[in-house]
Structures are given as C-alpha cells and as structure tokens.
Amino acid sequence: MAPSGPGSVRRRCRRVLYWIPVVFISLLLGWSYYAYAIQLCIVSMENIGEQVVCLIAYHLLFAMFVWSYWKTIFTLPMNPSKEFHLSYAEKELLEREPRGEAHQEVLRRAAKDLPIYTRTMSGAIRYCDRCQLIKPDRCHHCSVCDKCILKMDHHCPWVNNCVGFSNYKFFLLFLAYSLLYCLFIAATDLQYFIKFWTNGLPDTQAKFHIMFLFFAAAMFSVSLSSLFGYHCWLVSKNKSTLEAFRSPVFRHGTDKNGFSLGFGKNMLQVFGDEKRYWLLPIFSSLGDGCSFPTCLVNQDPEQPSTPAGLNSSSKNPENHQFPAKPLRESQSHLLTDSQSWTENSTSLGKGKAGMSNPALTMENET
C-alpha cells in the first residue's frame, strides 16, 4: 500500500477541522441542557407545577432541535443522476477536440433531451469539468464537498454539510426549532435571571449557569431570528441563497423569479403535500431535485412543446406561460394551468428570423 502523500494528510486535517463548529454547537447544547434542566428547573424552581410544565415543554423542543440538527448534518447531499453524466464516447470527444464548435455540438446533443432550462451568463449549457456532467437546473458544484449538489443553497460550516435539495427542509426546521428553543429558555429564565441579578436569590452555583444561559439564549435568538426570517423569505420566493445573490439565467435572459409559482406552491415544493410531515424532520419535498417547474415567459426554441389543446400558443411564443418541456410527474401538478404535455416533433425556431440558437460555449461555473 502506497504511503499517504502530503496532499492526503492535508485533506484529512481539513476534514477534522470542519467538524469543530459542529462539536462546539454540540457542547453548547449539552451545557444548556444541564443549565436549564438541572440548575434552573430542579435546583432553582420551587413550584412543582412550574417544574413539570417547563421540563415537558423543554424536552419537546430539545428533542425536535436535536432531531432536525442531526438530519441536517447526516443527510447526504443528492448528486445529479446518471442521465446528466456524459457517455464515455462524449467524454473522449471533449478531451480529443480543441475547445470550440466540437465541444458545443457534443454538449448540445447531450442536453437535447434533458429537462434543463437554465444557462450560463453567456448562454452556454451549464457543464461541470470536475464532475464531467451537464448541470441540472439549480445544481452547483461545491468546492468544499468537491461534488455537484442538487438545488444547492450553500455549504454550512455549522452542520459541516451542503444544504441542498435533500436536506433543505431539515435545515429550515433546525433553524425554527433552535430559535424556539432559545426563545423558550430566555422567556422562562428571565425572572430568575432578574432575581439573581438583583440579589433576590442566594448566591449559589446555579447563579452562573442561569445568568449565562439567559445571555446565550438571548444572543442566539437575535441571530437565529434574522437567519430564519431570511430563509422563510427565500422559500416564499422559491429561491436558494445562491439564486438570491445571482439570479438564474434562462434562454430568454435573467429571471430572478423564474422558479416562483406563488407562495402556496413554493411552500409545497419544500414541505410537500402531506401536512402531517411539515413540522417533522422527515423528507417530504416534492420532485427529484433534477427538474423544477418554471414560469418561463419565452419558449425555448431548442425544446419546443405545447400544452394539449393550446396549439395556438405556439404561434405566439412571447405569450407562452408554460415550461418549454414536459415536467417530471412529481412536479407537474404544481402548475395548475397545465393538465398534460406533448412533445412536438418539429422546432418552433425553424424558419423564424432572429430565432437561431446562440453559440454554446463551455464555461467553468461553480
């Protein structure tokens, strides 16, 4: 077995360092349990009824907090399916030919039947050189994980994981339950904090834990409320953090609301149809992460199709309000105006002035 090189040692050290924020949160959570359940509820509270109510409510929030945090950390990010990977022959063509029209033609043929609508800023097919695949819509390459992540939102150091399609719901619930956890602690600890601060209670070991617990809970409540509010806004607009900073580019140009279907349907994409699972860290998001309903204004001339019974819309693509290609079954019901889709065998772009496809160029995009 070959000895490990310097690069391998560095990678292992980085993996260990990446877990430091998670260990910090875990230790802080463990101390908060001791400070609240033992020092506050059992030691400092004299009313039995208050003890019981606080302990039951606390353990419920604690359990949901830990469960959602655990799921966010250990749910593996989803990667593009095999259909988005280039074939062996296509890879050979890309490696053998100089960058230019040959590359464009290979990517054009490979992407022809894929459910993709987004492009690079220059209008090229979104291709990842590292993973050697055509990126699905909303997919991005994570430099930390060194993988393409479906519907990537961001790489979060506090969970040492990429937040994307497979665990975004868990991440939202983690923010929600951690915020409720901190608010509950701050609210129930406030009166004892004031009593200790004004020397209304004897100076015991519990004093330090109760006072510091209040400060920590109040501080985290402020930061978590802003972060949770921001992600609620993202969900309502059907955006990821990356898309909020850089709007997705479609064939007709940049559209910051290209994936938004309205507040209710945007919520359903993340939380799913079954309301009983909404508050539980159980995967219930709609779709497969590779294709998403869009609200395209202009039809993609490379991927023509029309809704059944609405052939007249093909005459005026400027008024076309449907995705230019059939959506996967798991997502299509989100578009209430469309009942069924059929593929046309001819391209709408043929014979129209100004409808020729712009040259596709390869672009390394992260």
> When rounded to the nearest 0.5 angstrom, what distance separates OG in S143 from CZ in R130?
Replying inline: 10.0 Å

> Do M219 and V222 share a hydrophobic cluster (ILVMFWY, side-chain heavy atoms under 4.5 Å, transitive)?
Replying inline: no

> According to the interplanar angle, ranging from 0 to 90°, do the rings of F193 and F214 count as parallel (below 30°), tilted (30 to 60°) or perpendicular (above 60°)?
Replying inline: parallel

>> The test is side chain to side chain contact (heavy atoms under 4.5 Å, CB included); show your working for N79 and C148 and say whether it passes.
In response: CA-CA 6 Å; N79 311 119; C148 281; 5.7 Å; no

>> If I take atom CG from residue N266 and atom CZ from residue F271, how far apart are they, to the nearest 0.5 angstrom?
In response: 11.5 Å

> What are the two closest heavy atoms between A186 and A218, and how far apart are they?
Replying inline: CB-N, 4.4 Å

> Under a 4.5 Å side-chain heavy-atom rule over Ile, Leu, Val, Met, Phe, Trp and Tyr, are L224 and L279 clustered together?
Replying inline: yes

> Which pair of non-hydrogen atoms, one from T254 and one from S247, has the smallest distance, and what is that distance?
Replying inline: CG2-CB, 3.4 Å

> Which other residues end up in the same hydrophobic cluster as I56, if Ile, Leu, Val, Met, Phe, Trp and Tyr are linked when side-chain heavy atoms come under 4.5 Å apart?
Replying inline: I48, V52

>> For a quick test of reading the model, state the closest non-hydrogen atom pair linking M45 to Q51 and the distance between them.
In response: O-NE2, 2.8 Å

>> Show, in sequence, the C-alpha distance, side-chain angles and deciding distance for V22 and W158, and conclude whether the side chain to side chain contact (heavy atoms under 4.5 Å, CB included) test is met.
In response: CA-CA 5 Å; V22 177; W158 298 106; over 6 Å; no

>> Would Y58 and I185 count as a side chain to side chain contact (heavy atoms under 4.5 Å, CB included) here? Give the steps.
In response: CA-CA 8 Å; Y58 173 80; I185 289 177; 4.0 Å; yes

>> Does any part of the side chain of R14, heavy atoms only, come nearer than 4.5 Å to the side chain of R11, both counted from C-beta?
In response: yes

> Out of T75, I25, N167, T72, which one pairs with V159 under the side-chain contact (heavy atoms from CB on, under 4.5 Å) rule?
Replying inline: T72

>> I'd like to check the side-chain contact (heavy atoms from CB on, under 4.5 Å) partners of F283; sequence neighbours left out, ordered by chain and number.
In response: F165, F170, S285

> Does any pair with a residue in residues 149-170 pass salt bridge (charged side-chain N to carboxylate O under 4.0 Å, His left out), and if so which ones, sequence neighbours excluded?
Replying inline: none

> If you measure only the distance, is there a donor-acceptor pair under 3.5 Å linking the side chains of H155 and N161?
Replying inline: no

> Parallel, tilted or perpendicular: which fits the ring planes of F208 and F212, with parallel below 30° and perpendicular above 60°?
Replying inline: parallel

>> Does K91, at its NZ atom, have more than 12 non-hydrogen atoms belonging to other residues, nucleotides or ligands within less than 6.0 Å?
In response: yes

> Around W197, counting heavy atoms of other residues, nucleotides and ligands shown, do more than 12 lie under 6.0 Å from its CH2?
Replying inline: no

> Can you name the closest pair of heavy atoms from S221 and A217 and give their distance?
Replying inline: OG-O, 2.6 Å

> Are F171 and F228 an aromatic pair by the rule of ring centers under 6.0 Å?
Replying inline: no

>> Over 60° means perpendicular and under 30° means parallel, so tell me whether Y34 and H209 are parallel, tilted or perpendicular.
In response: perpendicular

>> Please find the pair of heavy atoms, one from I149 and one from G164, that lie closest to each other, and give the distance.
In response: CG2-CA, 4.5 Å

> Taking atom OG1 of T241 and atom NE2 of H231, what is their separation to the nearest 0.5 Å?
Replying inline: 4.0 Å

> Is any side-chain heavy atom of I116 closer than 4.5 Å to a side-chain heavy atom of K135?
Replying inline: no

> Any idea how F174 and Y69 line up, ring-wise: parallel (<30°), tilted (30 to 60°), or perpendicular (>60°)?
Replying inline: parallel

>> Going by the rule side-chain contact (heavy atoms from CB on, under 4.5 Å), which residues pair with F263 if we only count those two or more places apart in sequence or in a different chain?
In response: S236, M267

> With a distance cut-off below 6.0 Å to the six-membered ring centre and an angular limit of 45° from the axis, does K195 pair with Y192 as a cation-pi contact?
Replying inline: yes

>> What I'd like to find out is whether the side chain of S44 reaches to under 4.5 Å of the side chain of I210, using heavy atoms alone.
In response: yes

>> Distance check, rounded to the nearest 0.5 Å: C131 atom SG versus H85 atom NE2?
In response: 7.5 Å

>> Please report whether the ring centroid of Y181 lies less than 6.0 Å from that of F220.
In response: no

> Y127 and side-chain contact (heavy atoms from CB on, under 4.5 Å): which partner among V106, L86, T120?
Replying inline: L86

>> What I'd like to find out is whether the side chain of S284 reaches to under 4.5 Å of the side chain of E274, using heavy atoms alone.
In response: no

> Is it the case that one hydrophobic cluster holds both Y33 and F24, taking links as side-chain heavy atoms less than 4.5 Å apart, direct or via other members?
Replying inline: yes

> Minimum heavy-atom separation for C145 to C142, with atom names?
Replying inline: N-SG, 3.3 Å

> Does the ring of F250 carry R119 above it, NZ/CZ under 6.0 angstrom from centre and within 45° of its axis?
Replying inline: no

>> Distance to the ring centre below 6.0 angstrom and angle to the axis at most 45 degrees; does that hold for R251 and Y117?
In response: no

> Does some side-chain heavy atom of F259 sit less than 4.5 Å from a side-chain heavy atom of K239?
Replying inline: no

> Could you state the interatomic distance from OG (S225) to CG (L183), rounded to the nearest 0.5 Å?
Replying inline: 7.5 Å

>> Applying side chain to side chain donor-acceptor pair (under 3.5 Å), can you list everything that pairs with R15, at least two apart in sequence or on another chain?
In response: none

>> When you measure from the side chain of E50 to the backbone of N47, do you find a donor-acceptor pair of N or O atoms at a distance under 3.5 Å?
In response: no

> Is the number of heavy atoms from other residues, nucleotides or ligands within 6.0 Å of CH2 (W70) greater than 12?
Replying inline: no

> Where the side chain of N257 meets the backbone of S260, is there a donor-acceptor pair that is under 3.5 Å apart?
Replying inline: no

> Excluding sequence neighbours, so at least two apart, what forms side-chain contact (heavy atoms from CB on, under 4.5 Å) with L242?
Replying inline: H140, M152, S240

>> Between H252 and D255, is there a side-chain heavy-atom distance shorter than 4.5 Å?
In response: yes

>> Would you say that T118 contacts V249 through its side chain, given a criterion of any heavy-atom pair below 4.5 Å between the two side chains?
In response: no

>> Within this structure, what is the OG-CG distance for the pair S291 and L114, rounded to the nearest 0.5 Å?
In response: 10.5 Å

>> Determine whether a donor-acceptor pair (N or O, by modelled atom type, separation under 3.5 Å) exists between the side chain of R138 and the backbone of E243.
In response: no

> Would L179 and W278 show up in the same hydrophobic cluster when neighbours are defined by side-chain heavy atoms closer than 4.5 Å?
Replying inline: yes

> What about L61 and I38, same hydrophobic cluster or not, with Ile/Leu/Val/Met/Phe/Trp/Tyr joined at side-chain heavy-atom distances under 4.5 Å?
Replying inline: no

> Are the aromatic rings of H154 and Y168 close, with centres under 6.0 Å apart?
Replying inline: no

> Do the non-hydrogen side-chain atoms of C54 and Y36 ever get within less than 4.5 Å of each other?
Replying inline: yes

> Between F184 and L60, is a side chain to side chain contact (heavy atoms under 4.5 Å, CB included) present by the stated rule, with each step listed?
Replying inline: CA-CA 11 Å; F184 176 79; L60 178 62; over 6 Å; no

> NZ of K207: more than 12 outside heavy atoms within 6.0 angstrom?
Replying inline: yes

